[in-house]
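Keep in mind that this is a model prediction, so the values were computed, not measured. Read the numbers this way: they start at 1 and go in the same order the structure lists the ligands and their atoms.
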Amino acid sequence: MQNKQRVVILGTGGTIAGRSAQAGDNVGYTAGQIGVDALVAAVPALAGEALEAQQVAQLDSKDMDHATWLLLAQHLAYQLARPEVQGVVITHGTDTLEETAYFLHRLLAPPKPVVLTAAMRPATALLADGPQNLLDAVRVARCAGARGVVTVLNGQVLAAEDVRKVHSYRVEAFSAGDAGPLAVMEEGRLRLFRDWPQGQALGLAWLPSDVARWPRVEVLLSHAGASGGLVEALVAQGVRGIVVAGTGNGTVHRDMQAALQRAQLAGVRVLRSSRCVNGAVVGDGLLDSAGALPPVKARIELMLQLMAPSAA
Ligand code: SIN
């Protein structure tokens, strides 16, 4: 008997919806061209399933912005509240996938599955990865007991907190680092290694609908020859928070470190993270630690903390 519970697919663009003039071209394409209905129609195994598709945005995720995040979070909250909706799939670009996943999980920590999927090759590629990823994502959204925001690509299910893009080109572009995958999808079957992600939802009610009122939080990189100049420029522009992507275990060039301490004294919140691909910032330092969060997720965390006192 067909499952009457629905899976809603929200389209936002990305390479999964990308088109190139030549089928063999995996880099010279334009992201965010093909509508979400057409992406679903391109997967014969999804025919006859109880699905609804809605286009929320159509962009290259390098251009993701706070207004689109807010719109997406509102659509997502609406769909999750519908009793007939079993789970939601979001098609997205790979470039900021981990940021959107983290943002949505912190806001909604959903009791139903929210599955972000994407592709490294455009829909017009000779061997497009999008259709299989979309099929796997719908299968994960249908899993009994599934909950929380996860990503599904290349047969791996990764938690929003752990997922990172670690390769610029290959189809196996994502990793959960030390945490490892939550599950794998094998021929439509889920092999689960640990519990689904949980968390305390911050909710949406307190988020300013005018995103211009969201606090400005920027990421800076510490490197050989780094200075305090960019920190000072940001403070002069009224930045509210700075995440520094430090070297190694979140260490910061002494000139930049001094400028960051001055910024802290001036009331700017500063978090230090690591520019290393794996590992967490371990131990205390003169600047607050972002723990295991990579710089881009620490930026979201700090922005949320500055807006929602309950996030701190
Ligand atoms: C994007 O992030 O929208 C383009 C790149 C990709 O999806 O792989």
Side-chain angles (χ1 to χ4, degrees), residues 9-43 53-73 75-76 88-105 114-138 140 149-158 160 162-177 181 185 211 219 277 294-297 299-300:
I9 306 179
L10 301 178
T12 71
T15 292
I16 194 168
R19 192 185 272 134
S20 76
Q22 314 229 325
D25 190 349
N26 291 327
V27 290
Y29 62 87
T30 308
Q33 299 296 300
I34 300 171
V36 66
D37 285 321
L39 298 184
V40 175
V43 185
Q54 192 182 3
Q55 197 77 45
V56 174
Q58 187 62 292
L59 47 75
D60 185 321
S61 81
K62 74 178 175 57
D63 298 324
M64 183 52 72
D65 53 35
H66 296 164
T68 308
W69 270 355
L70 180 60
L71 185 68
L72 181 59
H75 276 279
L76 182 56
V88 178
V89 169
I90 300 173
T91 58
H92 198 283
T94 62
D95 285 345
T96 56
L97 186 81
E98 68 215 60
E99 295 177 57
T100 300
Y102 186 76
F103 176 75
L104 294 175
H105 191 72
V114 173
V115 188
L116 277 78
T117 193
M120 289 298 287
R121 296 179 182 154
T124 50
L126 290 174
L127 273 176
D129 51 333
Q132 181 69 54
N133 288 344
L134 182 56
L135 178 61
D136 284 347
V138 172
V140 171
V149 180
V150 298
T151 66
V152 171
L153 288 102
N154 200 36
Q156 291 197 314
V157 185
L158 309 180
D162 306 324
V163 61
R164 288 179 81 158
K165 187 171 182 180
V166 294
H167 202 281
S168 59
Y169 177 75
R170 287 190 205 136
V171 167
E172 59 273 25
F174 286 84
S175 165
M185 277 304 274
V211 294
V219 178
V277 174
V296 290
K297 289 183 189 171
R299 188 194 81 83
I300 295 166

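- With sequence neighbours left out, the ring-ring contact (aromatic ring centres under 6.0 Å, His included) criterion links H66 to W69, W214.
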For residues 26-35, dump all side-chain donor-acceptor pairs below 3.5 Å to protein atoms at least two apart in sequence or in another chain.
residue : atom : partner : partner atom : Å
Y29     : OH   : T15     : OG1          : 2.5
Q33     : NE2  : A31     : O            : 3.2

Can you produce the list of protein nitrogen or oxygen atoms under 3.5 Å from a nitrogen or oxygen of ligand 1, alongside each distance?
residue  : atom  : partner : partner atom : Å
ligand 1 : 2 (O) : S61     : OG           : 2.6
ligand 1 : 2 (O) : T94     : N            : 3.3
ligand 1 : 2 (O) : D95     : N            : 3.0
ligand 1 : 3 (O) : D60     : OD1          : 3.2
ligand 1 : 3 (O) : S61     : N            : 2.6
ligand 1 : 7 (O) : T15     : N            : 3.0
ligand 1 : 7 (O) : T15     : OG1          : 2.9
ligand 1 : 7 (O) : T94     : N            : 2.8
ligand 1 : 8 (O) : T15     : OG1          : 3.0
ligand 1 : 8 (O) : T94     : OG1          : 2.5
ligand 1 : 8 (O) : A119    : O            : 3.3

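- Under the 4.5 Å side-chain criterion, counting only non-hydrogen atoms from C-beta, M120 is not in contact with R170.
- Remark: D65 engages A67, T68 in a side chain to side chain contact (heavy atoms under 4.5 Å, CB included) (not counting sequence neighbours).
- T12 is not listed as a side-chain neighbour of T100, based on a closest heavy-atom distance of 4.5 Å or more.
- Within a 6.0 Å sphere centred on CD of Q22, heavy atoms belonging to other residues, nucleotides or ligands number 12 at most.
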